[in-house]
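For reference, the structure discussed in these notes is given below.
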Amino acid sequence: MKKIAVIPGDGVGPEVVRESRKVLDHIASVDPAIEFGFEEFPWSAESYLKSGEMMPPDGLDMLSSFDALLFGAIGSPLVADHITLRELLLRIRGGFDQYVNLRPVRLLEGIESPLVGVTTADIDMIFVREGTEGEYAGVGARLYPGSDREVALQTAVFSRHGMERVIRWAFELATREGRSVTSVSKGNALNYSAVFWDQVFDEVAAQYPTVPTQRLLVDAAAMFMVMDPKRFGVVVASNLFADILTDLGAAIMGGMGFAPSANLNPERTFPSMFEPIHGSAPDIAGQGKANPIGSLWSTSMMLDHLGYPQWGDALMKAIERVMAQQCVRTPDLGGQSSTEEMGDAVLAALEAPPASLTPKL
Ligand code: NAI
Ligand code: MG
């Protein structure tokens with residue numbers, strides 16, 4: 001049995017996670033070789049307002065024995081965003097050493113990109129975002145608060161260890177998939193951290209002489225994602241830069257509702273976490289309007305990670321089929337369908353891979 005910790009979170013988080021749960025329950029019911037044990041953790045801005053904490057002090061211990069974490073989204077207008085993000089999501093990413101934040105940016109057949117004249121072949125890149133340090137290391141201080149001498153310091157952390165392992169992971173991915181690697185940084189202005197990043201990138205790249213590479217400044221990378229997206233294969237970047245660029249990625253692949261992510265601890269010392277990249281979307285929460293595809297796509301990545309790639313693949317194909325048919329569309333796609341109807345459509349399109357129906361041991 002695979003143990004899955006479910007953290008639905010706030011806003012549309014619970015709405016999209018419900019659709020993922022439905023698909024996982026279905027897979028377990030039709031495949032005798034698969035069993036999931038779910039435990040739900042109601043940690044959210046809402047629970048913070050009652051308890052004063054985003055997760056209990058031993059929250060990471062509570063999660064550490066799970067095979068994977070399924071996360072919705074976190075954030076509420078009632079609680080400061082730095083509390084919800086830092087004290088839950090970033091604590092998990094950092095505490096479980098999830099240093100590979102994998103974020104595919106791919107235009108699906110049947111979805112219209114806001115970019116004119118692009119096809120599915122033009123938008124197919126995979127971001128490898130560093131997930132544990134960089135600009136989000138949480139190092140800094142506020143000095144002399146409330147006085148006219150008030151100062152804020154926010155220190156980015158770029159370690160050789162941290163950069164090397166994530167850049168190497170990106171090259172391994174590129175080698176497996178026959179892709180190029182683009183490094184995004186800002187070495188002209190960030191003369192310590194980004195120059196170091198560029199240096200480590202070049203060192204690792206030299207060990208993969210057959211992989212085509214390019215180095216871009218982050219501002220130029222943003223421009224090229226709009227003007228020439230097909231130049232990107234695998235993209236590796238620090239925490240902040242890839243956070244920003246993947247919202248742009250979500251936009252060019254059709255909207256925030258699509259974009260999936262996996263927070264991987266590649267050594268599997270700790271559980272990895274799967275979540276759509278969007279936030280809690282308070283503007284549409286509670287109305288059944290959220291597009292669940294980002295969550296379902298992340299679930300497909302979770303199935304791959306758990307050792308069920310045939311099901312991960314089947315779920316991805318179901319998502320692609322529903323998108324290509326263009327019948328069921330949530331409001332972000334110009335339609336009237338609900339979150340649940342979209343989830344049901346993907347479930348109906350899900351075809352069991354016969355090879356996976358092996359007897360339970
Ligand atoms: P957001 O991603 O929640 O929303 C941005 C826009 O995208 C909104 O117009 C929203 O309606 C739309 N959108 C998001 N998800 C959608 C979906 N599944 N289907 C259709 N449309 C969707 O980002 P925003 O508004 O900047 O932040 C809202 C809250 O979420 C804040 O509290 C923020 O801190 C938090 N947040 C949490 C994240 C996480 O849990 N991983 C990531 C980003 C933001
Ligand atoms: Mg983001």
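Numbering of ligands and ligand atoms starts at 1, following listing order.
When distances from atom 24 (P) of ligand 1 to the protein are checked, no heavy atom turns up under 4.0 Å. Closer than 4.0 Å to atom 2 (O) of ligand 1 lies at least one heavy atom of the protein.
A cation-pi arrangement is found for R176 relative to W169, the charged atom lying closer than 6.0 Å to the ring centre and inside a 45° cone about the ring normal. Figure legend: cation-pi geometry between R165 and Y99, with NZ or CZ positioned under 6.0 Å from the six-membered ring centre and within 45° of its axis.
Close approach of ligand 1 to G257 is summarised as follows: ligand atoms under 4.0 Å from at least one heavy atom of the residue are 17 (C), 18 (N), 19 (N). Interface of M256 with ligand 1, defined as ligand atoms under 4.0 Å from a residue heavy atom, comprises 2 (O), 7 (O), 13 (N), 14 (C). For ligand 1, the atoms sitting less than 4.0 Å from at least one non-hydrogen atom of A73 are 40 (O), numbered in the order shown with element in parentheses. Shown in contact with S76 at under 4.0 Å from a heavy atom are these atoms of ligand 1, numbered in order with element: 32 (O). Against a heavy-atom cut-off of under 4.0 Å, A290 is close to the following atoms of ligand 1: 18 (N), 19 (N). For ligand 1, the atoms sitting less than 4.0 Å from at least one non-hydrogen atom of G279 are 1 (P), 2 (O), 3 (O), 30 (O), 36 (N), 37 (C), 38 (C), 42 (C), 43 (C), 44 (C), numbered in the order shown with element in parentheses. Those atoms of ligand 1 that come under 4.0 Å of a heavy atom in E275, given as number and element, are 41 (N). Interface of I277 with ligand 1, defined as ligand atoms under 4.0 Å from a residue heavy atom, comprises 42 (C).
Using a 4.5 Å heavy-atom threshold, the side chains of M225 and V235 count as separate.
When all heavy atoms are compared, the tightest approach of N239 to T132 is ND2-N, 3.8 Å. Contact record, S272 with N265: OG-N, 3.0 Å, taken as the closest heavy-atom pair. Summarising the geometry of M163 relative to E133, their closest heavy-atom pair is N-OE2, 4.1 Å, with the distance given to 0.1 Å. Summarising the geometry of E19 relative to D344, their closest heavy-atom pair is OE1-N, 4.2 Å, with the distance given to 0.1 Å.
In this structure, S280 counts as a contact residue of ligand 1, since one of its heavy atoms falls inside 4.0 Å of the ligand. For the ligand labelled ligand 1, residue V12 lies outside the 4.0 Å heavy-atom shell.
The shortest N or O to N or O distance between T84 and ligand 1 is not under 3.5 Å. Close N/O approach between I74 and ligand 1 is found [any backbone or side-chain N/O within under 3.5 Å].
Scanning L90, D81, L88, D332 for the heavy atom closest to atom 31 (C) of ligand 1 points to D81. Nearest-residue assignment for atom 41 (N) of ligand 1 (options N291, L89, T339; heavy-atom criterion): L89. Between I284, D243, T330, it is I284 that holds the heavy atom closest to atom 22 (C) of ligand 1. Compare P282, A250, P276, G75 by their heavy atoms: the one nearest to atom 28 (C) of ligand 1 is in P282.
Centroid-to-centroid, the aromatic rings of F96 and F66 stay 6.0 Å apart or farther.
Given atom 11 (O) of ligand 1, the protein heavy atom at minimum distance is D283 OD1, 2.8 Å.
The distance from atom CD of Q207 to atom CZ of R168, rounded to the nearest 0.5 Å, is 4.5 Å. If you take OG1 on T182 and CZ on F224, they are separated by 10.0 Å, rounding to the nearest 0.5 Å.
Side chain to side chain, E130 and S238 fail the donor-acceptor criterion of an N or O pair below 3.5 Å. Using modelled atom types and a 3.5 Å distance limit, the side chains of D243 and Y136 yield a donor-acceptor pair.
Of all protein N, O or S atoms, those under 2.8 Å from the Mg ion (ligand 2) number 1.
Relative orientation of the F171 and F201 rings is tilted, given thresholds of 30° and 60° on the angle between their planes. Relative orientation of the F274 and H305 rings is tilted, given thresholds of 30° and 60° on the angle between their planes.
At least one donor-acceptor pair under 3.5 Å links the side chain of S113 to the backbone N or O of I252.
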